[in-house]
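Notes follow once the structure below has been shown.
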Amino acid sequence: LTKIQRMPMSPIGPSNSLVNPRFANISTFAHLPRIDQLETGCDIAIVGAPFDAGVSYRPGARFGPQGIRAGSQLLRPFDPALGISPFDLVQVADCGDLAINPFALDVAIEQIYSGAQQLLATSPRLMVLGGDHTITLPLLRAAHEIYGPLAVVHFDSHLDTWDTYFGAPYTHGTPFRRAYEDGLLAPKACSHIGTRGPLYGVDDLTDDASFGFEITSADTLDAKGSENIAEQVRARCADYKVYLSLDIDVLDPAYAPGTGTPEAGGPSSGDILRLLRALRGLPIVGCDVVEVSPAYDHAEVTSIAASHIAYTMIGLMAENLSS
Ligand SMILES: [Mn+2]
């Protein structure tokens, strides 16, 4: 199933930055080709989901895809930390942004779902640039249709398993409870990483435990280290297909000020990149990076961190797909 429709021959990589400097030209993620420039389709589809009608505090994640693409312009094609050139291993392309209704949340969820479904029909792997965390529910629905129950590795300062806000079931704080109710999550295989900050009450934790997640708090991650936590996560994923969902607010606000609901006391971008790399080899079928809100950013700190995280996720998927 994972080997479906790999694209043949040599992939077309980023444009040559020694001919066109990296600050020039219309931005795609990491200067990769647009999907409409390829005759073959692609193995890993990068797509934006510019949507933020599900947020509870600061808005602006609708500009996340633009911000992450802008923050990705300096990326180079060889990743020395993984020791691979991800864009040589498989065909990666920027598929632009999904068309999403900014007012009608239910309509938006359907549009994100059908957009992901269409991409997955021809590209076996998705790298989605959010958008607020609401988008992960329809993405998981589309991925589950092809890959079955998913071991979700959820990086976030929040649990995002609350029930409703102001009576609304679909928000950026509820996607993983809805995913559990939909039967999308592999039992006892999912993880929250980086959790911290105040909750509404202790019920938040007991509810969450019943959905089959294991919590690694930001403090535990700090105490045990990225490699040890990665081992724990890997063991938990068992034989399920893996989906990585990363809310940029998992990073300490010092490393990611440009986000909607920041919480003090989080890991550094280096900690999270090391943890991601330590997940290499897992059968990761889809990834998202959400909650980048460029209006609150400074000097592209958040967008650059998000683009490096997405680059690493692409590397993990490319390596797995080509091995
Ligand atoms: Mn979140």
Side-chain angles (χ1 to χ4, degrees), residues 48-68 98 100-113 128-141 152 154-182 184 190 192-208 211 213 215 217-218 245-266 288-297 302-303 305-306:
F51 173 81
D52 63 6
V55 302
S56 56
Y57 201 59
R58 294 171 177 172
R62 64 181 60 184
F63 295 106
Q66 278 185 19
I68 298 169
L98 299 174
I100 306 172
N101 187 314
F103 300 107
L105 211 143
D106 291 353
V107 174
I109 286 175
E110 277 308 306
Q111 289 172 318
I112 296 164
Y113 166 68
V128 183
L129 314 175
D132 76 48
H133 225 152
T134 313
I135 70 166
T136 302
L137 177 66
L139 297 173
L140 290 174
R141 284 176 175 164
V152 173
H154 170 219
F155 301 79
D156 202 318
S157 65
H158 310 97
L159 299 168
D160 290 2
T161 51
W162 283 296
D163 191 3
T164 59
Y165 281 97
F166 294 83
Y170 299 110
T171 77
H172 78 153
T174 60
F176 298 104
R177 185 187 287 235
R178 297 289 95 80
Y180 168 75
E181 291 166 350
D182 280 9
L184 311 178
C190 300
H192 296 297
I193 294 167
T195 317
R196 62 189 184 274
L199 300 171
Y200 294 101
V202 74
D203 287 355
D204 292 353
L205 293 170
T206 44
D207 280 8
D208 185 78
F211 307 140
F213 281 88
I215 297 175
S217 69
S245 182
L246 190 141
D247 187 323
I248 203 69
D249 74 23
V250 70
L251 300 183
D252 189 90
Y255 298 91
T259 193
T261 38
E263 305 284 352
D288 62 55
V289 179
V290 300
E291 301 279 347
V292 173
S293 182
Y296 293 97
D297 207 2
T302 315
S303 294

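It should be emphasised that the depicted structure is a prediction, and the values quoted were computed from it without experimental measurement.
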Do side-chain atoms of [X] reach the backbone of [Y] as a donor and acceptor pair under 3.5 angstrom?
X: Thr195; Y: Leu159; answer: no
X: Glu263; Y: His158; answer: no
X: Asp297; Y: Thr302; answer: yes

Within this structure, what is the [atom1]-[atom2] distance for the pair [X] and [Y], rounded to the nearest 0.5 Å?
X: Gln66; Y: Leu129; atom1: CD; atom2: CG; value: 11.5 Å
X: Ser157; Y: Ile193; atom1: OG; atom2: CD1; value: 13.5 Å
X: Tyr165; Y: Thr171; atom1: OH; atom2: OG1; value: 5.5 Å
X: Glu291; Y: Thr259; atom1: CD; atom2: OG1; value: 5.5 Å
X: Thr174; Y: Trp162; atom1: OG1; atom2: CH2; value: 10.5 Å
X: Asp160; Y: Asp208; atom1: CG; atom2: CG; value: 9.5 Å

Minimal non-hydrogen separation, [X] against [Y], with atom names:
X: Ala108; Y: Ile100; result: CB-CG2, 3.5 Å
X: Pro294; Y: Gly60; result: CD-O, 3.7 Å
X: Asp132; Y: Ala61; result: N-CB, 3.8 Å
X: Pro65; Y: Gly131; result: CD-N, 3.9 Å
X: Ala306; Y: Ile68; result: CB-CG1, 3.9 Å
X: Thr136; Y: Ser245; result: OG1-OG, 3.4 Å

With the side chain counted from C-beta on, respond yes when [X] and [Y] share a heavy-atom pair under 4.5 Å apart, and no when they do not.
X: Val292; Y: Val290; result: no
X: Tyr255; Y: Val250; result: no
X: Arg196; Y: Ser217; result: no
X: Asp203; Y: Thr206; result: yes
X: Thr261; Y: Ser56; result: yes
X: Asp207; Y: Thr161; result: no
X: Ile215; Y: Leu205; result: yes
X: Asp249; Y: Pro262; result: no

Practice item. Inspect the contact between Arg178 and Asp163 and indicate whether a charged nitrogen and a carboxylate oxygen are less than 4.0 angstrom apart. Key: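 Looking at Arg178 together with Asp163, the answer is yes, because their closest N to O distance falls below 4.0 Å.
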Exercise for review: Can you sort out the partners of Pro59 under side chain to side chain contact (heavy atoms under 4.5 Å, CB included), two or more places apart, ordered by chain and number?
Suggested key: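 Pro59 satisfies side chain to side chain contact (heavy atoms under 4.5 Å, CB included) with Asp52, Val55, Tyr296 once adjacent residues are dropped.
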Practice item. Sequence neighbours left out, what passes side chain to side chain contact (heavy atoms under 4.5 Å, CB included) with Tyr113? Give chain and number order. Key: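 Only Glu110, Gln117, Pro138, Arg141, Ala142, Glu145 meet the side chain to side chain contact (heavy atoms under 4.5 Å, CB included) criterion with Tyr113.
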Review point. Which word best sums up how the rings of Phe176 and His133 line up, parallel for under 30°, tilted for 30 to 60°, or perpendicular for over 60°?
Key: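 Perpendicular.
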Practice item. Evaluate the ring planes of His192 and Phe213, with Trp represented by its six-membered ring, and classify them as parallel (under 30°), tilted (30 to 60°) or perpendicular (over 60°). Key: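 Ring orientation of His192 relative to Phe213: parallel.
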Check your understanding: For Leu199 and Val202, what are the C-alpha separation, side-chain angles and deciding distance, and is it a side chain to side chain contact (heavy atoms under 4.5 Å, CB included)?
Key -> CA-CA 7 Å; Leu199 300 171; Val202 74; over 6 Å; no
Practice item. Begin from the C-alpha positions of Leu184 and Leu137 and carry the test side chain to side chain contact (heavy atoms under 4.5 Å, CB included) through to its verdict. Key: CA-CA 9 Å; Leu184 311 178; Leu137 177 66; 4.2 Å; yes
